[in-house]
Amino acid sequence: MLDRRHRLTSATGFATAVRRGRRAGRRTLVVHVHQSPEPGPPLVGFVVGRAVGNAVTRNSVKRRLRHLARERLASLPGSAVLVVRALPPAAAATYAELGSDLDSALSRLGAAAGTAVPSGTLR
RNA sequence: UGAGCCGGCCGGGCGGCCGCGGCGAGGAGACUCGUCGAGGAAGGUCCGGGCUCCACAGGGCAAGGUGGUGGGUAACACCCACCCGGGGUGACCCGCGGGACAGUGCCACAGAGAACAGACCGCCGUCUGCUCCGGCAGGCGGCAAGGGUGAAACGGUGGUGUAAGAGACCACCAGCGUUCCGGGUGACCGGAACGGCUCGGUAAACCCCACCUGGAGCAAGGUCAAGAAGAGAGUCGGGAGACCGGCUCUCGCGCGAGCGAUCGAGGGCGGCCCGCCCGAGCUCGCGGGUAGACCGCACGAGGCUGUCGGCAACGGCAGCCCUAGAUGGAUGGUCGCCGACCGCGACGCCGCAAGGCCCGCGGAGACAGAACCCGGCCUACAGGCCGGCUCAUCCC
């Protein structure tokens with residue numbers, strides 16, 4: 001799971017990443033990546049709306065995405081802001097499906113050497 | 001053994017790898033170690049409280065809630081016990097359970113008639129006409145006993161009575177009212193006498209009666225930090241005056257429109273009116289911005305065990321325990337094994353058989369995530385466990 005330092009917590013951070021950042025969509029999720037001008041560690045945030053499910057499934061999807069993002073944190077460049085938005089099919093997807101969708105979306109944006117990091121092998 | 005009633009409880013377990021939040025310790029720090037970390041409903045937000053701020057002259061009229069009795073409780077619309085009515089052979093269950101002689105409204109369909117009811121068929125008397133002398137038809141009048149309709153037809157059964165009938169009268173029964181006796185804290189129950197003789201339902205229709213009810217909510221509220229020129233009022237000083245300066249208090253985004261300083265906008269006193277108090281800003285539309293840290297905040301109507309009182313809900317006493325506290329929101333992710341459930345298949349074992357044991361494969365594994373905290377209610381829930389009781393049948 002993600003450390004507190006790598007969490008995106010401000011509303012403006014979300015807004016600029018979603019509006020200014022580059023975007024790649026897959027079946028279960030949409031990924032936004034924005035290079036912040038401020039130096040700092042890479043930040044990750046998640047958007048899981050009510051359409052995904054009730055509070056239990058939303059929490060579950062969020063926790064899985066946090067674990068997946070943590071395993072790919074080292075491949076992100078410094079000061080990158082990553083926002084993962086979950087779509088309704090994410091509620092029924094398995095951990096491996098979410099992982100491969102995240103990998104392919106990240107490699108499409110060239111933001112990560114995601115292809116070299118198979119699921120679960122980092123650390 | 002079968003069928004059923006009631007109550008309580010659990011809500012998979014173990015392990016590997018990788019993680020997150022709070023607290024404590026160590027360390028200059030990175031970090032390391034230890035420890036704790038979702039529910040029976042955490043849910044809906046329907047009641048009741050604690051806590052916080054505001055208000056706390058009053059009167060009248062409205063509004064909302066509760067509704068058998070007694071207890072429990074901080075309180076309740078909750079819980080317990082009992083009463084009454086209804087259902088069940090029974091365990092037990094159900095009841096939004098005050099009032100229908102204060103008033104108003106509504107009772108569909110069917111039916112002649114549905115609320116001081118009602119002559120359709122029918123029964124009876126009388127008059128007229130006809131007559132095959134049995135009666136028939138029509139007019140006038142009496143009758144609620146019988147038929148039929150209905151959820152309900154203005155007490156029931158038997159008799160007296162009568163032209164035929166009728167609580168018109170009589171006996172018994174049911175019901176209502178009054179008085180008295182006994183029991184119970186009480187709702188109420190049991191009994192006796194007398195009375196007029198009989199009166200529909202609906203109050204989750206208006207209504208009447210009794211009792212209760214301040215407003216807003218943890219984004220409550222408080223402390224600190226940050227912050228821009230100002231605006232208004234009061235008061236003091238200077239000045240001929242416009243005005244200037246000091247102190248105190250209140251307010252604070254921009255644009256547009258409207259109302260307003262004693263003939264007073266607006267606010268408070270639950271909603272309205274009267275009345276009282278405070279009073280200089282207020283209202284509406286469009287557009288935009290912000291919501292940082294800490295406290296509140298987790299020791300509480302707290303939990304567990306024992307004992308005593310009580311039918312019980314619950315309460316008293318003693319001992320032990322401290323048990324989530326996030327704020328883009330921790331309490332987990334993933335893999336394996338085991339145990340329980342369902343389906344299919346086969347070697348073997350038990351059994352007359354239905355079937356059971358064992359093994360393998362596949363499937364399913366619910367409802368649902370704390371956000372100030374408690375007590376309830378309601379709703380959702382795969383599967384499983386335990387206890388008590390009733391009825392039927394069989395055996396001793």
Side-chain angles (χ1 to χ4, degrees):
Chain A
M1 190 149 288
L2 272 179
D3 203 285
R4 188 168 276 170
R5 292 171 308 153
H6 295 105
R7 291 188 200 167
L8 179 60
T9 60
S10 70
T12 47
F14 272 88
T16 54
V18 170
R19 285 191 196 136
R20 303 274 171 82
R22 294 188 301 129
R23 188 177 60 183
R26 289 295 177 269
R27 192 179 69 88
T28 58
L29 45 84
V30 177
V31 172
H32 304 263
V33 175
H34 178 240
Q35 279 302 127
S36 172
E38 310 279 327
L43 296 178
V44 186
F46 304 95
V47 177
V48 183
R50 293 186 77 84
V52 176
N54 62 11
V56 174
T57 52
R58 287 205 304 276
N59 273 345
S60 169
V61 166
K62 224 183 285 180
R63 285 194 296 254
R64 284 173 162 180
L65 288 176
R66 264 201 290 266
H67 276 273
L68 289 164
R70 185 188 163 275
E71 287 160 355
R72 288 152 183 78
L73 205 57
S75 61
L76 288 174
S79 78
V81 176
L82 169 70
V83 169
V84 182
R85 195 148 52 85
L87 299 176
T94 65
Y95 187 69
E97 285 168 356
L98 285 176
S100 64
D101 274 0
L102 184 61
D103 279 336
S104 75
L106 284 177
S107 68
R108 170 137 189 325
L109 294 179
T115 50
V117 186
S119 154
T121 48
L122 186 75
R123 282 237 301 205

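- If you take atom C1' in B:G111 and the same atom in B:G129, they sit 37 Å apart, rounded to whole Å.
- Atom name C1', nucleotides B:A100 and B:G58: the rounded distance is 39 Å, in whole Å.
- For the C1' atoms, the distance linking B:A216 with B:C243 amounts to 47 Å, nearest Å.
- For the P atoms, the distance linking B:U52 with B:U223 amounts to 15 Å, nearest Å.
- Its glycosidic angle being within 90° of 0, B:U323 falls on the syn side.
- Rounded to the nearest Å, the gap between the P atom of B:A41 and that of B:A364 is 30 Å.
- At whole-Å resolution of the value, CZ in A:R58 and P in B:G328 are 16 Å apart.
- For B:A115, the O4'-C1' to base torsion is more than 90° from 0; the nucleotide is therefore anti.
- Rounding to whole angstrom units, CG of residue A:L68 and P of B:U334 are separated by 9 Å.
- Scanning for side chain to side chain donor-acceptor pair (under 3.5 Å) contacts around A:R23 gives an empty result, with sequence neighbours left out.
- In this structure, B:A100 makes no Watson-Crick or G-U wobble pair, since no nucleotide meets both defining distances under 3.5 angstrom.
- Spacing between B:G217 and B:G48 at atom P, rounded to whole Å, works out to 15 Å.
- The side-chain heavy atoms of A:D101 and A:R27, taken from C-beta on, include a pair separated by under 4.5 Å.
- Between A:A24 and A:A105 the shortest heavy-atom distance is CB-O, 3.8 Å.
- Counting distance only, with no hydrogens placed and no angle test, the side-chain atoms of A:R63 and the base atoms of B:G369 include a donor-acceptor pair under 3.5 Å.
- For the pairing with A:V33, the side chain to side chain contact (heavy atoms under 4.5 Å, CB included) check across A:L109, A:V84, A:V83, A:V81 returns one residue only, A:L109.
- Rounding to whole angstrom units, CG of residue A:N54 and P of B:A380 are separated by 17 Å.
- Base orientation at B:G134 is syn, since its O4'-C1' glycosidic dihedral falls within 90° of 0.
- Ranked by how close their nearest RNA chain B nucleotide is to the 5' end, A:S60 and A:V56 are led by A:S60.
- The partner of B:C61, taking Watson-Crick or G-U wobble pairs whose two distances both stay under 3.5 Å, is B:G271.
- Rounded to whole angstrom, the span from the CG atom of A:N59 across to the C1' atom of B:A370 amounts to 11 Å.
- Spacing between atom CZ of A:R66 and atom P of B:G328 amounts to 11 Å, rounded to whole angstrom units.
- Of the candidate nucleotides B:U334, B:A368, B:C18, B:U334 has the atom nearest to the side chain of A:R64.
- B:G190: Watson-Crick or G-U partner is B:C181, with both key distances under 3.5 Å.
- At whole-Å resolution of the value, OH in A:Y95 and C1' in B:G333 are 6 Å apart.
- Glycosidic conformation of B:G40 is syn; the angle stays within 90° of 0.
- Close to B:U327, at under 4.0 Å from its OP1 or OP2, lies no side-chain N or O of A:R7.
- The gap from the C1' atom of B:G183 to that of B:C82 amounts to 16 Å, rounded to the nearest Å.
- Using N1 to N3 plus N6-O4 or O6-N4 for Watson-Crick, or N1-O2 and O6-N3 for G-U wobble, each under 3.5 Å, B:C53 pairs with B:G215.
- Pair check for B:C120 finds B:G147; Watson-Crick or G-U wobble, both atom distances under 3.5 Å.
- Across all strands shown, B:A112 has no partner, as no Watson-Crick or G-U wobble contact with both distances under 3.5 Å is found.
- In this entry B:G196 has no Watson-Crick or G-U wobble partner, no candidate having both defining distances under 3.5 Å.
- Taking 90° from 0 as the syn/anti boundary, the base of B:A228 is oriented syn.
- For A:N54, the side chain to side chain donor-acceptor pair (under 3.5 Å) partners are A:T57, not counting sequence neighbours.
- The closest donor-acceptor contact from the side chain of A:R64 to the backbone of A:S60 lies at 3.5 Å or more, if one exists at all.
- A chain of hydrophobic side-chain contacts below 4.5 Å, direct or via other Ile, Leu, Val, Met, Phe, Trp or Tyr residues, connects A:V52 to A:L102.
- Taking atom NE2 of A:H67 as the reference point, atom C1' of B:G21 lies 13 Å away to the nearest angstrom.
- In this structure, A:K62 places its NZ atom 7 Å from P of B:A330, rounding to the nearest Å.
- The base-pairing partner of B:C381, taking Watson-Crick or G-U wobble contacts with both distances under 3.5 Å, does not exist among the strands shown.
- Remark: the separation of the C1' atoms in B:A233 and B:A265 is 16 Å, to the nearest Å.
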